[in-house]
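Here's the structure we're looking at; comments come further down.
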Amino acid sequence: MDDAMDDTKLTALMASDMPPASDPRFVVAVMARIEQRRFMRELAMTVGLTACAIGLLALSAPILEIAWEGAPYANNMTVFLALMGVTVVLPYFLPARSA
């Protein structure tokens with residue numbers, strides 16, 4: 001007899017115009033999982049870009065050392081401006097992705 005009652009409830013639910021009530025805890029749990037995946041993806045991208053920056057700095061270190069021999073304060077500013085330029089320009093090459 002329970003099956004008939006469940007079928008009746010199910011039929012009534014499907015026939016109604018109202019959507020079923022949502023479970024707030026389920027919604028929050030799903031959103032938390034999505035945000036955790038997004039955070040891990042962004043963290044991986046940040047770690048990868050940091051590794052690339054370290055590699056680029058290691059490759060360009062001999063050139064920078066030659067530049068430092070001439071005028072140390074002016075060349076420190078050059079390195080600073082180059083790093084800031086990369087920081088500003090890099091987001092245009094790697095646009096943010098929406099999930």
Side-chain angles (χ1 to χ4, degrees):
M1 199 69 169
D2 269 345
D3 293 335
M5 193 158 81
D6 289 339
D7 289 342
T8 308
K9 288 181 182 179
L10 184 60
T11 305
L13 184 63
M14 292 174 81
S16 70
D17 291 335
M18 297 293 293
S22 65
D23 183 10
R25 286 182 281 178
F26 175 75
V27 171
V28 169
V30 169
M31 291 174 67
R33 267 196 319 250
I34 291 170
E35 189 59 32
Q36 189 174 22
R37 276 186 287 183
R38 185 178 294 161
F39 172 76
M40 292 304 284
R41 187 172 46 242
E42 292 293 325
L43 182 64
M45 181 182 274
T46 302
V47 169
L49 288 174
T50 302
C52 289
I54 289 170
L56 181 63
L57 185 60
L59 289 174
S60 63
I63 297 168
L64 294 175
E65 188 174 346
I66 293 169
W68 262 306
E69 290 174 1
Y73 297 115
N75 291 314
N76 285 343
M77 188 57 113
T78 304
V79 171
F80 172 74
L81 290 175
L83 290 176
M84 289 305 293
V86 168
T87 304
V88 170
V89 171
L90 196 59
Y92 290 107
F93 291 117
L94 301 169
R97 288 173 268 163
S98 60

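Residues: numbered from 1 along the sequence shown.
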Query raised in the report: What residues, two or more places apart in sequence or in another chain, satisfy side-chain contact (heavy atoms from CB on, under 4.5 Å) together with Phe26?
Result: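 Phe26: side-chain contact (heavy atoms from CB on, under 4.5 Å) contacts with Asp23, Val30.
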
Query - Rounded distance [0.5 Å steps], CE in Met31 versus CZ in Arg38 - result: 9.5 Å

Report summary line: One should read off an interatomic distance between Arg37 CZ and Arg33 CZ, to the nearest 0.5 angstrom, of 7.0 Å

Side-chain atoms of residues 46-59: list all donor-acceptor pairs with protein atoms under 3.5 Å, sequence neighbours left out, distances to 0.1 Å.
unit_1	atom_1	unit_2	atom_2	d
Thr46	OG1	Glu42	O	2.9
Thr50	OG1	Thr46	O	2.7

